[in-house]
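Just so it is clear, the structure is predicted and the values come from calculations on it, not from any experiment.
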Amino acid sequence: MESISNARIFDILAKSQKHYAKQLEPVCKKWDLTRNEMDVLLFLHNNPWFDRAADIVSHRGIAKSHVSLSVNHLERRGLLERRFEPSDRRAVHLVLTFQGRAVAAEGCLAQRRFFSALYAGITEEEFAQWKHTVERICANIDNMDISE
């Protein structure tokens, strides 16, 4: 169980995040977007059932203030729009515009390239086991009491 030290796992995660950012960088530059703005577009594109700013905050772990700034900028750029719930004007749904979907699709291609390289040489069985393990770790994290 200790073939990879626990500290090394954090190094691996940081390295993978660096490579992921490098894959998205050309798309961000092309469209003059920050990484947070691209993350918002990709989240909405990849998770259409989660369409509120609060969903992005809770599922992606991006600070509320960063999500708010990103949404405002993306709306001004015409990449997304806010739609208000008719029965409750406080409920705001974020919807990608046609251009927003096109930009997000480019980001998705970069994501696919990254994950394709990341999982190269891994069998379906290995991937299924890895996914199961990660889901259990995520559940353990969700159940941790930070105050302990």
Side-chain angles (χ1 to χ4, degrees), residues 4 6-119 122 124 126-148:
I4 297 179
N6 290 330
R8 178 79 175 116
I9 291 171
F10 288 115
D11 295 337
I12 293 166
L13 291 173
K15 194 174 190 177
S16 70
Q17 286 179 327
K18 205 181 255 188
H19 284 284
Y20 178 72
K22 216 173 185 116
Q23 281 292 326
L24 287 176
E25 189 177 329
V27 182
C28 290
K29 280 185 178 180
K30 176 182 177 180
W31 294 99
D32 191 28
L33 297 171
T34 66
R35 257 304 299 287
N36 280 335
E37 291 164 352
M38 179 57 72
D39 286 345
V40 167
L41 287 176
L42 288 171
F43 181 86
L44 293 170
H45 183 271
N46 294 332
N47 306 282
W49 49 92
F50 293 125
D51 65 353
R52 298 174 313 120
D55 296 326
I56 300 166
V57 170
S58 65
H59 292 282
R60 283 290 285 124
I62 303 172
K64 187 177 180 180
S65 59
H66 290 273
V67 171
S68 180
L69 285 170
S70 296
V71 167
N72 287 339
H73 188 243
L74 292 168
E75 184 178 37
R76 279 195 310 274
R77 298 265 315 268
L79 299 175
L80 69 76
E81 54 188 44
R82 299 171 207 242
R83 295 210 181 133
F84 295 89
E85 188 83 32
S87 60
D88 181 2
R89 299 270 310 153
R90 293 171 299 174
V92 180
H93 299 277
L94 305 173
V95 180
L96 296 178
T97 63
F98 179 79
Q99 185 180 10
R101 287 191 305 274
V103 174
E106 281 189 45
C108 283
L109 287 174
Q111 280 183 323
R112 276 190 227 115
R113 281 193 303 273
F114 169 77
F115 286 112
S116 178
L118 185 69
Y119 301 136
I122 296 174
E124 285 189 37
E126 290 169 329
F127 183 79
Q129 181 60 48
W130 175 83
K131 185 178 174 190
H132 174 74
T133 302
V134 168
E135 286 171 353
R136 294 208 33 209
I137 291 170
C138 287
N140 291 343
I141 291 169
D142 290 343
N143 291 325
M144 281 184 186
D145 184 1
I146 302 292
S147 63
E148 290 180 357

Just list the side-chain donor-acceptor pairs under 3.5 Å for residues 129-136, sequence neighbours left out, or say none.
unit_1: Gln129; atom_1: NE2; unit_2: Thr133; atom_2: OG1; d: 3.3
unit_1: Thr133; atom_1: OG1; unit_2: Gln129; atom_2: O; d: 2.9

Quick one: side-chain hydrogen bond (donor to acceptor under 3.5 Å, both in side chains) partners of Arg113, sequence neighbours excluded?
Gln23
Just wondering, do Arg8 and Ile12 contact through their side chains at under 4.5 Å, heavy atoms?
yes
What pairs of residues pass the ring-ring contact (aromatic ring centres under 6.0 Å, His included) test when at least one of them lies in residues 38-63, not counting sequence neighbours?
Phe50-His59
Does the side chain of Asn47 come within less than 4.5 Å of Ile56's, by heavy atoms?
no
With a 4.5 Å heavy-atom cut-off, do Gln111 and Asn46 have their side chains touching?
yes
Basic-acidic side-chain contact under 4.0 Å: Arg35, Asp39
yes
Value for CG (Leu42) from CD (Glu106), rounded to nearest 0.5 Å, stands at 11.0 Å
Closest contact, heavy atoms only, Leu24 versus Ala110:
CD2-CB, 3.8 Å
Across all chains, not counting sequence neighbours, the side-chain hydrogen bond (donor to acceptor under 3.5 Å, both in side chains) partners of Arg112 are none
Indicate yes or no for a side-chain donor-acceptor contact from Arg77 to the backbone of Asp32 under 3.5 Å, with no hydrogens or angles considered.
yes
Between the CG atom in Leu41 and the CG atom in Leu74, the distance rounded to the nearest 0.5 Å is 4.5 Å
Side-chain contact, heavy-atom cut-off 4.5 Å: Glu37 with Trp31?
no
For the residue pair Val71 and Arg82, establish whether any side-chain heavy-atom pair is separated by less than 4.5 Å.
yes
Just do the side-chain contact (heavy atoms from CB on, under 4.5 Å) check on Val27 and Leu33 with the steps written out, would you?
CA-CA 8 Å; Val27 182; Leu33 297 171; over 6 Å; no
Between NE2 on residue His73 and CG on residue Leu80, distance to nearest 0.5 Å
11.0 Å
Tell me every residue that passes ring-ring contact (aromatic ring centres under 6.0 Å, His included) with Phe114, counting only those two or more places apart in sequence or in another chain.
Tyr20
For residues 91-105, please give each side-chain donor-acceptor pair under 3.5 Å, one per line with the distance, not counting sequence neighbours.
unit_1: His93; atom_1: ND1; unit_2: Asp51; atom_2: OD1; d: 2.9
unit_1: His93; atom_1: ND1; unit_2: Asp51; atom_2: OD2; d: 2.9
unit_1: His93; atom_1: NE2; unit_2: Glu85; atom_2: OE1; d: 2.6
unit_1: Thr97; atom_1: OG1; unit_2: Gly78; atom_2: O; d: 2.6
unit_1: Thr97; atom_1: OG1; unit_2: Leu79; atom_2: O; d: 3.2
unit_1: Thr97; atom_1: OG1; unit_2: Gly100; atom_2: N; d: 3.1
unit_1: Arg101; atom_1: NH1; unit_2: Leu96; atom_2: O; d: 3.1

